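Okay, structure first, notes after.
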Amino acid sequence: MLSVEEALALVLAEIKVLPVVQVPLSESFGLVLAQDVVAQENIPPFANSAMDGFALLSKDSRLHAGQPARLRVIGEVAAGYVADRAVETGTAMRIMTGAPVPLGADTVIQIELTRSTEPDWVEILQESVVGNNIRRAGDDIRQGQIVLQRGSEIGVWEISILATLGWATVPVVRRPRVAILATGDEVLDVDEPLRPGTIRNSNSYLLEAAVRRAGAEPHRLGVARDTSESLREKFSEALTYDLILTSGGVSVGEFDLVKNILAEQGEMSFWRINMRPGKPLAFGHIGNIPLLGLPGNPVSSAVTFELFGRPLLRKMLGHTRLQRQQVDVVVVDGISECVMRRHYVRAHVEWHDGHFVAHTTGNQGSHMLTSLLNANALIIVPEGGVKIEAGDTAKAMMLDWPEK
Ligand code: AMP
Ligand code: MG
């Protein structure tokens, strides 16, 4: 049996980063930048006012014998316009936040520190030093500066930088398109009434959401029956995608059927992985499209996607951080089952009184979808039948923290 680490290394070794494409700025969120972003201009592009007030010469703002300076108001400049004249000594210009500072002026005093008692005149109630309330050109970003680096993830803040620098489209690693295929004669779609012996397809919907959460684009291709014809047909439909993600059909009973089709159409390894839930896993290629075959049991499918599918997609997306972070947690309720394989136990982890504490989510059977509810972590019980008593410390993989 392979360890989780060995299997993941084998999977990742076969995965290539997808090609670079230009996408509209607003579609770049979450994708990986394929080029350094070098500022072609200063930001702000021009010196502008940080306040509504008056632009003037600093030396004109000094009090004389305790009396405020009195300046003639020669006009005004609003955001989006440029002053039609310069400010000279003895004068001031009304200015709005974001408006370019007029020539001649070297300071801006906010309106609250002025008084206007007669039209076209203003009294300056406090001295305003050079540069006061002026945002200099290039304060934020200097022309020529590398602001964002190739390989970084485009998040909310990065979007604002790209926008301010005028990147209407952004070169990014393309988002993988993922075909999701369920298998099984017993598996019906969600809107079908159950007949004796059938269940509804929960895996495809879970995987669709998990694929989307990983930053990729899911496409459900429905359910393949447990026949060679049905599998062959569905696989041929899946050949235009970047990844084929299947669930079911890799356990002993159907193993041969799926294996035969895959052997006929590509190259595939079937692995038994030293983990629970989720022992059987298939990985290989159909044509040159990678295929990850997850187990059918819903929890196994969910956990193996998190452990193998998500890092795989992140690699395709060009991320360098592929693995979820792990922390030490105190397992409050302990883990009653003791298994020889590495055990991933669904748990809710939170910070409490100076450490992370974990509560398991109840019955851990691989058919128990409800054991996923409220789980934001997987406690990792090492192989070899390690017993975790209440209050013991263990490692947990955090499912709602960013990768490291
Ligand atoms: P298999 O790996 O095909 O032997 O399936 C293992 C278990 O998972 C069986 O109990 C199946 O009924 C169940 N199962 C398989 N596919 C799905 C699916 N798409 N949704 C929910 N349960 C499934
Ligand atoms: Mg099956």
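These numbers come from a predicted model, not from an experiment. Hydrogens, waters and symmetry mates play no part in the numbers below; they use all other heavy atoms, side chains included. Order of listing sets the numbers, starting from 1, for every ligand and every atom in it.
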Atoms in ligand 1 with a heavy atom of [X] nearer than 4.0 Å:
X: A182; result: 19 (N)
X: T183; result: 16 (N)
X: G248; result: 1 (P), 2 (O), 3 (O)
X: G296; result: 2 (O), 5 (O), 6 (C), 7 (C), 8 (O), 13 (C), 14 (N), 15 (C), 16 (N), 17 (C), 22 (N), 23 (C)
X: R200; result: 20 (N), 21 (C)
X: G249; result: 1 (P), 2 (O), 3 (O)
X: N201; result: 18 (C), 19 (N), 20 (N)
X: V187; result: 16 (N), 17 (C), 19 (N)

Quick one: do the [X] and [Y] side chains pair a donor with an acceptor below 3.5 Å?
X: N48; Y: R135; result: yes
X: R346; Y: S371; result: yes
X: N274; Y: S3; result: no
X: T360; Y: D333; result: yes

What distance do I388 atom CD1 and E337 atom CD have between them, rounded to the nearest 0.5 Å?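 Output value for this atom pair is 12.5 Å.
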
Relative to atom 22 (N) of ligand 1, which among D189, I199, V190 owns the nearest non-hydrogen atom?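 The option holding the nearest heavy atom is I199.
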
From S247, S202, S301 - option closest to atom 20 (N) of ligand 1 by heavy atom: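 Checking each option, the heavy atom nearest atom 20 (N) of ligand 1 is found in S202.
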
Between [Y] and [X], does any NZ, NE, NH1 or NH2 come within less than 4.0 Å of an OD or OE carboxylate oxygen?
X: E208; Y: R220; answer: yes
X: R321; Y: E153; answer: no
X: R232; Y: E264; answer: yes

Say whether H367 and ligand 1 are in contact under the criterion: heavy-atom distance to a ligand atom below 4.0 Å.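 So H367 does not count as touching ligand 1.
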
Please confirm whether V223 comes under 4.0 Å of ligand 1, counting heavy atoms of the residue only.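 False for this residue.
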
Mode of E186 contact toward ligand 1 - side chain, backbone, both, neither (heavy atoms, under 4.0 Å):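 Within the 4.0 Å criterion, E186 contacts ligand 1 through side-chain atoms alone.
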
Examine the proximity of ligand 1 to N297 and report which part, side chain or backbone, both or neither, has a heavy atom under 4.0 Å away.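 Both the backbone and the side chain of N297 come within reach of ligand 1.
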
P298 versus ligand 1: do any nitrogen or oxygen atoms come within less than 3.5 Å of each other?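 No; every N/O pair is 3.5 Å or more apart.
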
With only distance considered, is P295 within less than 3.5 Å of ligand 1 through an N or O on each side?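 There is no such contact.
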
For F356 and W351, take the angle between the two ring planes, folded into 0 to 90°, and tell me which bin it lands in: parallel under 30, tilted 30 to 60, perpendicular over 60.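 Plane angle over 60°, so perpendicular.
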
List the atom of E306, the atom of P311, and the distance in Å for their closest heavy-atom pair.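 Smallest interatomic distance, heavy atoms only, reads O-CD, 3.4 Å.
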
